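Written out below as structure tokens is the structure these notes cover.
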Amino acid sequence: MSGDQVQNDSQIEADFRANDSHKHKKDKEHKEHRHKEHKKDKDREKTKHNNSEHRDPSEKKHKEKHKDVEKHKDGEKHKDGEKHKDGEKHREEKHKDGEKHGEKHREEKHHREKDGEKHKDKHKDKDREKRKEKIKSSSGNVKIKKENGFTSPPRIKDEPVAEGYTFSPAANEKPIKRPRDDDDDMDYKPKKIKTEDVKKAKKRKQEEVDVKPKGKNKSKIPEKAADGKKRKVKKEEEEKWKWWEEERHADGIKWKFLEHKGPVFAPPYEPLPENVKFYYDCKPVKLSPKTEEVATFFAKMLDHEYTTKEIFRKNFFKDWKKEMTSEEKSLITSLSKCDFNEMGQYFKVQSEIRKNMTKEEKQKIKAENEKTLQEYGFCIMDSHKERIANFRIEPPGLFRGRGDHPKMGKLKKRIMPEDIIINCSKNSKIPPAPPGHKWKEVRYDNKVTWLVSWTENIQGSIKYIMLNPSSRIKGEKDWQKYEIARRLKSCVDKIRNTYREDWKSKEMKARQRSVALYFIDKLALRAGNEKEEGETADTVGCCSLRVEHIKLYPELDGQEFVVEFDFPGKDSIRYYNKVPVEKRVFKNLQLFMENKQPEDDLFDRLNTSILNKHLQDLMEGLTAKVFRTYNASFTLQQQLKELTNADDNVPAKILSYNRANRAVAILCNHQRAAPKTFEKSMQNLQTKIDAKKDQLLDARRELKSAKADAKVRRDERTRKMLESKKKAVQRVEEQLMKLEVQATDREENKQIALGTSKLNYLDPRISVAWCKKYGIPIEKIYNKTQREKFAWALDMAEEDFVF
DNA sequence: TCGAACACTTAGTAACCCCATA
DNA sequence: TATGGGGTTACTAAGTGTTCGA
């Protein structure tokens with residue numbers, strides 16, 4: 001490192017120190033108390049983390065397993081970490097030069113900036129105050145879910161753009177051409193409904209399994225299929241609506257015709273039988289229906305940890321009392337004296353009874369559900385029958401917030417027709433409200449996609465009934481999302497250069513923005529919107545990170561400039577990561593943290609709207625979220641390229657796919673609780689593997705003796721026997737390998753959820769292209785629902801697709 | 001201009017269903 | 001045929017980002 005650089009860095013630091021100190025003095029007095037409280041929380045957290053250390057052994061096991069599989073499958077490497085490091089170093093060196101630039105006017109500019117930022121500071125301070133108060137009043141400790149056990153997510157960036165890559169126009173730049181057949185105005189009537197119904201779909205699915213699209217031909221008719229079947233499949237293919245080949249609606253218009261049957265309400269409360277009693281202070285008490293209903297919500301959750309949590313109990317009891325009659329209120333004054341066990345037991349028995357129903361009874365229920373689905377589960381949107389995602393109104397119950405949610409246990413009220421807003425076409429058949437009731441409102445807004453909405457009573461937020469992901473309206477948006485991410489690919493280098501430049505900006509705001517953006521890009525952090533204090537669990541994203549969420553190490557484990565992140569993210573899932581960063585980032589972080597308390601905002605001059613406004617200037621349609629999509633899809637494509645071995649068999653290739661998928665899930669921090677049956681199922685699998693190994697030994701022994709036999713006898717029968725023994729060995733070897741691959745996959749997946757990234761972040765065309773290239777049936781990668789959601793990608797992506 | 005409201009996507013979990021196996 | 005277990009689906013909470021209106 002040059003002397004110039006050192007001087008430069010310290011100069012910059014001095015500048016900012018002088019500039020920011022006023023603000024921090026001002027804040028300091030307010031912070032002390034909060035700091036203490038947070039320290040307490042931290043300690044509690046530590047205990048929690050220690051408790052979760054049982055994960056480590058599995059990690060070891062994981063590594064050993066990994067080795068095992070490599071015996072079967074050469075060329076698979078997990079060198080992501082190192083590769084990433086190298087890339088970073090390279091980038092850092094590239095940008096070391098030219099950092100020195102006019103500092104003469106820096107101070108002057110800072111003063112100017114200071115004024116502009118005063119307002120923002122006010123808001124941040126307000127938030128901090130609120131947080132402080134909340135911490136004071138809440139006895140709740142910050143409980144973060146288990147550590148994921150990974151330090152640095154596998155990342156490979158700075159990869160050159162693949163050769164032959166052609167940039168595809170973004171969805172919002174040019175509409176996809178093909179005249180729409182329903183291009184009339186709002187008042188038109190639906191024509192023939194074109195989408196298949198569920199039964200048909202089921203039938204089709206059966207046939208679809210055989211259909212393995214290969215090659216450039218867009219038609220997916222199986223070559224081997226018998227003529228009749230061929231025709232049938234072809235016919236159904238034609239019936240399937242290819243909305244992606246049609247022109248989209250004009251901007252802002254979501255549909256031109258919408259008709260549906262309204263929502264399905266939760267069944268009314270059925271009072272408990274007389275013999276099932278609630279006890280208060282050991283004495284049976286007959287509760288009024290309303291009180292009893294709320295009591296059953298609690299009784300149904302007795303086995304759950306929730307009911308032991310103080311906040312949950314407190315909130316529940318408070319809301320329960322609101323439902324009680326005045327006599328009940330005066331009698332039932334303590335939750336600890338309430339005995340719900342008999343009620344809880346009753347529900348357990350009911351559930352057992354349901355499980356043990358006869359086949360016929362189960363069939364009957366299934367048929368009823370199917371009938372409801374057919375009646376309420378579809379709507380007509382622009383001449384097409386589309387599946388609704390959630391046509392049932394959420395039933396009443398107790399609110400189960402995630403993490404340390406301050407409102408857990410509160411009563412989620414029963415939604416009545418009077419709470420419901422219906423959205424549909426004016427000229428459609430408007431769904432009637434249930435007898436004796438009326439809707440809150442009937443609206444005809446075709447600039448939104450929802451069919452039904454209501455406001456829930458816990459947070460006061462609006463809930464919606466919307467269409468299934470397989471619908472046109474959702475699919476188009478999904479496709480567009482990936483097109484925006486692909487557009488980012490073409491300008492990401494420029495954006496990265498820009499934010500690097502901003503690390504040395506004279507403006508604090510620009511520096512914070514650029515460091516935050518670096519985290520969002522490098523670590524796929526979420527934007528981190530500001531949240532209302534006391535309304536939700538204390539979770540953060542990038543812009544809302546606080547000083548207490550990171551630790552800086554000038555050197556750690558032989559690496560320079562390491563940042564340790566430890567914070568509760570979305571759903572209170574812990575994000576824990578140690579990342580070496582570039583020196584300038586590190587220095588900036590030191591600066592941002594100076595004179596701040598642990599509970600202060602790391603980026604006190606930044607919020608998501610400032611960040612997104614800036615991103616919008618860099619690229620149309622760019623928001624923080626796009627980086628996650630872009631980096632996830634880019635990583636998948638890159639990892640698939642690196643991990644797939646063309647000579648592997650199908651299970652090994654699928655393992656490679658899952659590993660690529662896993663790299664993305666780790667990057668995005670998609671964790672899951674290890675399945676309860678995990679250890680047992682691994683054990684069972686191991687037993688199977690051992691048995692298969694024995695079987696292989698036997699088969700090999702038999703082969704050996706058959707060989708000896710064949711040498712001596714040399715007749716046809718012995719030769720045939722030898723052949724069959726050879727085949728047997730081969731078969732058992734394959735079976736063993738399959739089991740071992742399965743075990744590795746399962747072990748590696750213990751606490752990682754692949755589904756979220758697969759469904760929301762990975763451009764499906766990458767997977768489709770990969771399947772086509774390596775002859776993998778798409779059903780091995782996407783199940784039926786996923787294939788329906790990604791129908792557009794299945795149809796349009798060829799083997800040469802590049803994200 | 002800012003906070004609130006709104007619309008929509010992303011997320012993990014639990015219930016359900018179905019298939020392989022004994 | 002019963003059972004266990006894993007995959008799938010339903011559910012709904014918790015995010016992001018845009019729009020609205022004071």
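Bear in mind the structure is a predicted one, so any value in this text is a computation, not a measurement. Naming convention: chains lettered A, B, ... in sequence-line order (proteins, then strands); numbering from 1 in each chain.
- Nucleotide B:dT9 holds its P atom 12 Å from the CG atom of A:Leu759, rounded to whole Å.
- The side chain of A:Arg402 lies closest to B:dA11 when the candidates are B:dA11, B:dT10, B:dC6.
- In this structure, the CZ atom of A:Arg628 is 10 Å from the C1' atom of B:dA11, given to the nearest Å.
- Between the side chain of A:Lys463 and the backbone N or O of A:Glu394 there is no donor-acceptor pair closer than 3.5 Å.
- No hydrogens or angles considered: a donor-acceptor pair under 3.5 Å links the side chains of A:Tyr782 and A:Ser767.
- No hydrogens or angles were tested; on distance alone, nothing pairs the side chain of A:Lys784 with the base of C:dT8 as donor and acceptor under 3.5 Å.
- Looking at the side chain of A:Arg387, the nearest of the listed nucleotides C:dA14, C:dG17, C:dA10 is C:dA10.
- Among the atoms of the strands shown, only primed sugar atoms or phosphate atoms (P, OP1, OP2) are found under 4.0 Å from some heavy atom of A:Thr449.
- Here the C1' atom of nucleotide B:dC18 and the NZ atom of A:Lys359 are 12 Å apart, to the nearest Å.
- Among B:dT9, B:dA11, B:dT13, the nucleotide with an atom closest to any side-chain atom of A:Arg672 is B:dT13.
- Between the side chains of A:Glu747 and A:Asn749, no donor-acceptor pair of N or O atoms lies under 3.5 Å.
- Counting any heavy atom pair closer than 4.0 Å across all strands shown, A:Pro395 reaches sugar-phosphate atoms only and no base atom.
- When rounded to the nearest whole Å, the span between CG of A:Leu615 and P of C:dG17 equals 9 Å.
- Using a 4.0 Å cut-off, some side-chain N or O of A:Asn783 falls inside it from OP1 or OP2 of C:dT8.
- Nearest to the side chain of A:Ile462, among B:dT10, B:dA7, B:dG12, sits B:dA7.
- The nucleotide whose nearest atom lies closest to any side-chain atom of A:Lys366 is, among C:dT18, B:dC18, C:dA13, B:dC18.
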Just do the salt bridge (charged side-chain N to carboxylate O under 4.0 Å, His left out) check on A:Asp382 and A:Lys256 with the steps written out, would you?
CA-CA 6 Å; A:Asp382 297 339; A:Lys256 290 189 172 167; over 6 Å; no
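- Between A:Gln459 and C:dA14 there is a side-chain N or O to OP1 or OP2 distance below 4.0 Å.
- Ring geometry, A:Phe399 versus A:His405: the interplanar angle exceeds 60°, so the pair is classed perpendicular (tilted spans 30 to 60°).
- Among the atoms of the strands shown, only primed sugar atoms or phosphate atoms (P, OP1, OP2) are found under 4.0 Å from some heavy atom of A:Gly569.
- One finds a side-chain N or O of A:His670 lying less than 4.0 angstrom from the OP1 or OP2 phosphate oxygen of B:dA11.
- Side-chain proximity of A:Tyr464 to the nucleotides B:dA7, B:dG12, C:dT12 is greatest for B:dA7.
- Taking only side-chain atoms of A:Glu394, from C-beta outward, the nucleotide of C:dA14, C:dT12, B:dT10 with the closest atom is C:dT12.
- Here B:dC8 is the nucleotide among C:dG15, C:dG17, B:dC8 with the atom lying nearest to any side-chain atom of A:Val448.
- The aromatic rings of A:Tyr575 and A:Phe567 sit parallel to each other, their planes meeting at less than 30°, with 60° as the upper class boundary.
- Screening A:Arg472, A:Glu476, A:Arg765 for a side chain to side chain contact (heavy atoms under 4.5 Å, CB included) involving A:Trp792 leaves a single residue, A:Arg765.
- Checking A:His304 against A:Lys688, the closest nucleotide of DNA chain B that is more toward the 5' end is the one next to A:His304.
- Contact between the side-chain N/O atoms of A:Ser461 and the OP1/OP2 oxygens of B:dC6 is not found at any separation under 4.0 Å.
- Atoms CZ (A:Arg400) and C1' (C:dA10) sit 14 Å apart, rounded to a whole Å.
- Comparing A:Thr455 and A:Lys474 by the nucleotide of DNA chain B whose heavy atom lies nearest to each, the residue mapping closer to the 5' end is A:Thr455.
- Within the structure, a side-chain polar atom (N or O) of A:Asn612 is placed less than 4.0 Å from OP1 or OP2 of C:dG17.
- Listed nucleotides: B:dA11, C:dG17, B:dT10. Nearest to the side chain of A:Ala624: C:dG17.
- Backbone-only engagement by A:Gly528 is indicated by non-hydrogen atom pairs under 4.0 Å involving sugar-phosphate atoms exclusively.
- Side-chain nitrogen and oxygen atoms of A:Lys481 include at least one within less than 4.0 Å of the OP1 or OP2 phosphate oxygen of B:dT10.
- For A:Asn529, the side-chain atoms get nearest to C:dG17 when compared with the rest of C:dA13, C:dG15, C:dG17.
- Counting any heavy atom pair closer than 4.0 Å across all strands shown, A:Thr539 reaches sugar-phosphate atoms only and no base atom.
- For the pair A:Trp450 CH2 and B:dA5 P, the computed distance is 16 Å after rounding to whole Å.
- Counting to the nearest Å, the P atom of C:dA10 and the CZ atom of A:Arg392 are 9 Å from each other.
- Rounding to whole angstrom units, CD1 of residue A:Ile484 and P of C:dT18 are separated by 10 Å.
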